[in-house]
A.B. asks: 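Shown below is the structure under consideration.
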Amino acid sequence: MKFVNVLTIVSALRLPGIVEANLEKKRPYGGGDKTTRPSLRPSSFPSSSPTTCELECDTNNDCPRICLKPYNRPGTCVINPPTPTPPPNGEPSTGSTGSPTRCPCLEPPKIPDKCEVGILIDIMEDFFAGEKALFGQFSRAAFHDAGTFNQNTGEGGANGCLLNDPAMRLMPENSFLDAPLNTLQAIKDDWHDNEFTCIDVSSADMLQFAIFYIVHRQSGVPESLQSPVATATAQVKRNTVINFSLWGRPDADKCLPAWTHHLPGFHTPFSGPLTVTRCVAAGDEIEDKMMDTNGFTAAEANVLIGTHTIGHIRNTFGQSWNGPWVTSGADTHTPEGPTFNNDFHDFLINDIVADDVLTFVSNPPPSVDPFDIVFPDWFADSNTNQQHLDTDVILAFPSVGSHPHYRNDTLDFAADNDTFLKVYFKALDKMGRLGVKGDLFHPTDCKDHCTGEGGDPDAPKLTLDDTRGHIKMLGNATAFADAATTMRQRERKASGELDDSTTPTDTKPLDRDRIRDSNQKEDGKW
């Protein structure tokens, strides 16, 4: 085991009565020029000699300070642990009792090896087992980091700002990302602290790895990739993620919240009653943000929006309107989560009855079938609880304005899942390189940082105690996020923003009762 583990910090929020303290660490943490990482200790305790807890501990999660743990034996909680002395010639060090522990990580690389990526997969599987919503949420977070790129100025991109800078979370474009970001930070911390890793991976890499891993895991038949894998197809997916994920993106030294304005929004100046102008504005928004600013082609922008195949609209319109874009993308569609495929584009072509904008807007709500409720900038099917934004629906139609004819690519993606996946993964690779000036690298071959020997990336490294710790981390991350979500929704309710976005412009008479009941339910929550 490592000589000293450090308590995971799951978000920028802090528990009451807890303050930060910098503890000497055997390796740099995170990115940039940081040589120490923050830890937590109760503010009422002195910072002098080590102090033990009354309870025994096994991991950081068992006590509020630092777990000083000999190899394979219960440890004690201390405030200021002694700094370990590096062993000579890379030999394993020993704990205070003389039992062997893992050696220090002295020069952590930015690029993980294949065994370390295998450990990351296993850690993430523990978290996904506890929260299926993370599939869609991590995917959204990855684009919201990379999509800040402006090809005209070179600013923004896949630079880790969304995970590293709390101010980025406060921007309206990034509302309700607290849960995935808190969780991803916990995963990153735990991965760096694992006794079998010696890494200094950037937050930018963590965000882009998450979506790369998810879309491979959820394609075809969604299945766990945790070692030992249960099926041949899961092994192929695991091998693909381990061998072909890309690493080496640097985190930005400075983040500007204004970069979030480069992300496509769902509000436009023409939000309101359903008109041709409103639809054209949605098409223009995609062209302006994803094409002219990010640098994607029309096909690349279209296929990346297809990530909406997995996940829910979530909290955007309040908890009463929390449906998926397509039924197969629901969090619990399968025991292993949503399915990633071309169902989003299939819905646009084969479920939306109208084939052009003029027909779609001609006589709502009948003309917008299968939707039966029209909101100022989104649509809902109250029977299936499926919801789509204007910037989704416009992909179904030929252009009646200056923006591209998105429908041609939508037809291709809807017709063939293999075509969709081929174009998608190429566009995803481009997305993960936005704003990155240097080269990216695949994981290196396995090499134990203590012994120098190789290893097996499929060899299980996690224990039952590790899994228990991950469950605690997930609970903490979710609790902090729930508090932030409640606060944000109360602000939106008080300002009228939530009511404005959930007041329909057109609806079938029977649906008005459901909308009234939903709004009353939201009043009770906030």
A.B. asks: Hey, mind stepping through Phe420 and Phe344 against ring-ring contact (aromatic ring centres under 6.0 Å, His included) and telling me if it holds?
C.D. replies: CA-CA 11 Å; Phe420 165 74; Phe344 172 82; 8.7 Å; no

A.B. asks: Is there a side-chain contact between Asn194 and Leu462 in this structure, where contact means two heavy atoms from C-beta onward sitting under 4.5 Å apart?
C.D. replies: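 Yes, side chains in contact.
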
A.B. asks: Is there a donor-acceptor pair under 3.5 Å between the side chain of Asp466 and the backbone N or O of Thr463?
C.D. replies: yes

A.B. asks: Under 4.5 Å between any side-chain heavy atoms of Asp126 and Ile123, yes or no?
C.D. replies: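 Heavy-atom side-chain distance check fails, nothing below 4.5 Å.
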
A.B. asks: Mind running side-chain hydrogen bond (donor to acceptor under 3.5 Å, both in side chains) on Asp458 and Ser227 for me, showing each step along the way?
C.D. replies: CA-CA 6 Å; Asp458 295 327; Ser227 60; over 6 Å; no

A.B. asks: May I ask you to check whether Phe209 and Trp247 place their ring centers less than 6.0 Å from one another?
C.D. replies: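 Distance test on ring centres: under 6.0 Å, yes.
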
A.B. asks: Is the shortest distance from a Lys or Arg side-chain nitrogen in Arg217 or Glu336 to a carboxylate oxygen in the other one below 4.0 Å?
C.D. replies: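 Yes.
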
A.B. asks: Evaluate Lys447 against Asp113 for salt bridge (charged side-chain N to carboxylate O under 4.0 Å, His left out), listing each step before the verdict.
C.D. replies: CA-CA 7 Å; Lys447 184 177 181 180; Asp113 67 33; over 6 Å; no

A.B. asks: Within the 4.5 Å heavy-atom criterion, are Pro457 and Cys446 side-chain neighbours or not?
C.D. replies: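 Answer yes - side chains close enough.
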
A.B. asks: Search all heavy atoms of Gly329 against all heavy atoms of Pro324 and return the closest pair with its distance.
C.D. replies: C-CB, 4.2 Å

A.B. asks: So which atom in Ile214 and which in Leu134 form the shortest heavy-atom distance, rounded to 0.1 Å?
C.D. replies: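 Smallest heavy-atom distance, with atoms named: CD1-O, 4.0 Å.
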
A.B. asks: Donor-acceptor check, side chain of Thr197 to backbone of Ile199, threshold 3.5 angstrom: yes or no?
C.D. replies: no

A.B. asks: To the nearest 0.5 Å, how far apart are CD1 in Ile313 and CZ in Phe176?
C.D. replies: 12.5 Å

A.B. asks: Give the minimum heavy-atom separation between Cys255 and Ala252, together with the two atoms involved.
C.D. replies: SG-CB, 4.3 Å

A.B. asks: Between Lys114 and Thr444, do the side chains contain an N or O donor and an N or O acceptor separated by less than 3.5 Å?
C.D. replies: no

A.B. asks: Distance from Asp145 atom CG to Phe143 atom CZ, nearest 0.5 Å?
C.D. replies: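 Nearest 0.5 Å value for the CG-CZ distance: 11.0 Å.
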
A.B. asks: Which heavy atom of Val117 sits nearest a heavy atom of Pro112, and at what distance?
C.D. replies: CG2-CG, 3.8 Å

A.B. asks: To the nearest 0.5 angstrom, please state how far the OG atom of Ser224 sits from the NZ atom of Lys237.
C.D. replies: 10.5 Å

A.B. asks: What verdict does the side-chain hydrogen bond (donor to acceptor under 3.5 Å, both in side chains) test give for Thr293 and Gln151, after you've listed the backbone C-alpha separation in whole Å, the side-chain angles of each residue and the deciding distance to 0.1 Å?
C.D. replies: CA-CA 6 Å; Thr293 304; Gln151 65 174 347; over 6 Å; no

A.B. asks: Which atoms form the tightest heavy-atom contact between Glu125 and Leu225, and what is the distance?
C.D. replies: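 In this case the closest contact between Glu125 and Leu225 is OE2-N, 2.9 Å.
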
A.B. asks: With no hydrogens and no angle check, just 3.5 Å: does a side-chain donor-acceptor pair link Thr231 and Glu223?
C.D. replies: yes

A.B. asks: Under 6.0 Å between ring centres: does that hold for His262 and Phe149?
C.D. replies: no

A.B. asks: Using 0.5 Å steps for rounding, measure from the CD atom of Gln387 to the CG atom of Asn322.
C.D. replies: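 One gets 7.5 Å once the value is rounded to the nearest 0.5 Å.
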
A.B. asks: Checking His312 side chain against Asp331 main chain: does a donor-acceptor pair fall under 3.5 Å?
C.D. replies: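 A pair under 3.5 Å: yes.
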
A.B. asks: Is it true that Asn302 and Glu300 share a donor-acceptor pair across their side chains at a distance under 3.5 Å?
C.D. replies: no

A.B. asks: Are Lys110 and Phe441 packed together at the side-chain level, in the sense that at least one heavy-atom pair is separated by less than 4.5 angstrom?
C.D. replies: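 A side-chain contact is absent here, since even the closest heavy-atom pair is not under 4.5 Å.
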
A.B. asks: CD/Gln137 to NZ/Lys132 distance, rounded to the nearest 0.5 angstrom?
C.D. replies: 13.0 Å

A.B. asks: Quick check against the 3.5 Å criterion: does Asn342 have a side-chain atom that pairs as donor or acceptor with the backbone of Phe413?
C.D. replies: yes

A.B. asks: Just do the side chain to side chain contact (heavy atoms under 4.5 Å, CB included) check on Ser245 and His442 with the steps written out, would you?
C.D. replies: CA-CA 6 Å; Ser245 54; His442 296 305; over 6 Å; no

A.B. asks: Quick one, Asp122 with Lys461, criterion salt bridge (charged side-chain N to carboxylate O under 4.0 Å, His left out). Give me CA distance, side-chain angles, the key distance, then yes/no.
C.D. replies: CA-CA 8 Å; Asp122 291 345; Lys461 293 290 197 301; over 6 Å; no

A.B. asks: Quick one: does Asn174's side chain have a donor or acceptor within less than 3.5 Å of a partner on Met168's backbone?
C.D. replies: yes

A.B. asks: Determine the minimum heavy-atom distance between Asp205 and Arg249, stating which atoms define it.
C.D. replies: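 Closest approach of Asp205 to Arg249: OD1-NH1, 2.8 Å.
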
A.B. asks: Evaluate side chain to side chain contact (heavy atoms under 4.5 Å, CB included) for Thr334 paired with Thr339, printing each intermediate quantity in order.
C.D. replies: CA-CA 8 Å; Thr334 76; Thr339 301; 3.9 Å; yes

A.B. asks: Is there a side-chain contact between Cys115 and Phe196 (heavy atoms, below 4.5 Å)?
C.D. replies: no

A.B. asks: Mind checking whether Phe128 and Phe138 have parallel, tilted or perpendicular rings, split at 30° and 60°?
C.D. replies: perpendicular

A.B. asks: Could you state the interatomic distance from OG1 (Thr183) to CD (Glu131), rounded to the nearest 0.5 Å?
C.D. replies: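 One finds 8.0 Å between OG1 of Thr183 and CD of Glu131.
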
A.B. asks: I'd like to check Gln185 versus Met206 (side-chain heavy atoms, cut-off strictly below 4.5 Å). Are they in contact?
C.D. replies: no

A.B. asks: Does Ile187 reach the side chain of Met124, with side-chain heavy atoms less than 4.5 Å apart?
C.D. replies: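 Sidechains of Met124 and Ile187: in contact.
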
A.B. asks: With no hydrogens and no angle check, is any side-chain donor or acceptor of Asp251 less than 3.5 Å from a backbone partner on Ser203?
C.D. replies: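 Yes; at least one donor-acceptor contact below 3.5 Å.
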
A.B. asks: So, Asp165 side chain and Ala167 main chain: donor-acceptor pair closer than 3.5 Å or not?
C.D. replies: yes

A.B. asks: Hey, are the side chains of Met431 and Gln208 touching, using non-hydrogen atoms and a 4.5 Å cut-off?
C.D. replies: yes

A.B. asks: Might you work through the salt bridge (charged side-chain N to carboxylate O under 4.0 Å, His left out) test for Lys422 and Asp416, ending with a clear yes or no?
C.D. replies: CA-CA 10 Å; Lys422 180 179 180 181; Asp416 184 57; over 6 Å; no

A.B. asks: Please tell me whether Asp190 and His470 have a donor and an acceptor in their side chains that are separated by less than 3.5 angstrom.
C.D. replies: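 Yes, because at least one side-chain N or O of Asp190 sits under 3.5 Å from a partner of the opposite role on His470.
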
A.B. asks: Within the distance-only criterion (no hydrogens, no angle test), does the side chain of Glu116 pair as donor or acceptor with the backbone N or O of Cys198 below 3.5 angstrom?
C.D. replies: yes

A.B. asks: Relative to each other, are the rings of His308 and Trp325 parallel, tilted or perpendicular (30° and 60° limits)?
C.D. replies: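 Taking Trp325 first and then His308, their aromatic rings lie parallel (interplane angle under 30°).
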
A.B. asks: Going through the distances and angles, do Lys426 and Asp429 end up as a salt bridge (charged side-chain N to carboxylate O under 4.0 Å, His left out)?
C.D. replies: CA-CA 5 Å; Lys426 184 176 180 180; Asp429 180 80; over 6 Å; no

A.B. asks: Say whether, by atom type as modelled, one donor and one acceptor occur between the side chain of Gln218 and the main chain of His216 under 3.5 angstrom.
C.D. replies: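 Side chain of Gln218 to backbone of His216: no pair is present.
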
A.B. asks: Less than 6.0 Å separating the ring centroids of Phe212 and Phe425?
C.D. replies: no

A.B. asks: Mind running side chain to side chain contact (heavy atoms under 4.5 Å, CB included) on Asn150 and Trp259 for me, showing each step along the way?
C.D. replies: CA-CA 8 Å; Asn150 186 339; Trp259 292 344; over 6 Å; no

A.B. asks: Does a donor on one side chain sit under 3.5 Å from an acceptor on the other, for Asn341 and Asn417?
C.D. replies: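 No.
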
A.B. asks: Between the side chains of Arg238 and Asn243, is a donor N or O closer than 3.5 angstrom to an acceptor N or O?
C.D. replies: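 The criterion, which ignores hydrogens and geometry beyond distance, is not satisfied for Asn243 and Arg238.
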
A.B. asks: Would you check if the side chain of Lys289 reaches a backbone N or O of Leu263 as a donor-acceptor pair within less than 3.5 Å?
C.D. replies: yes

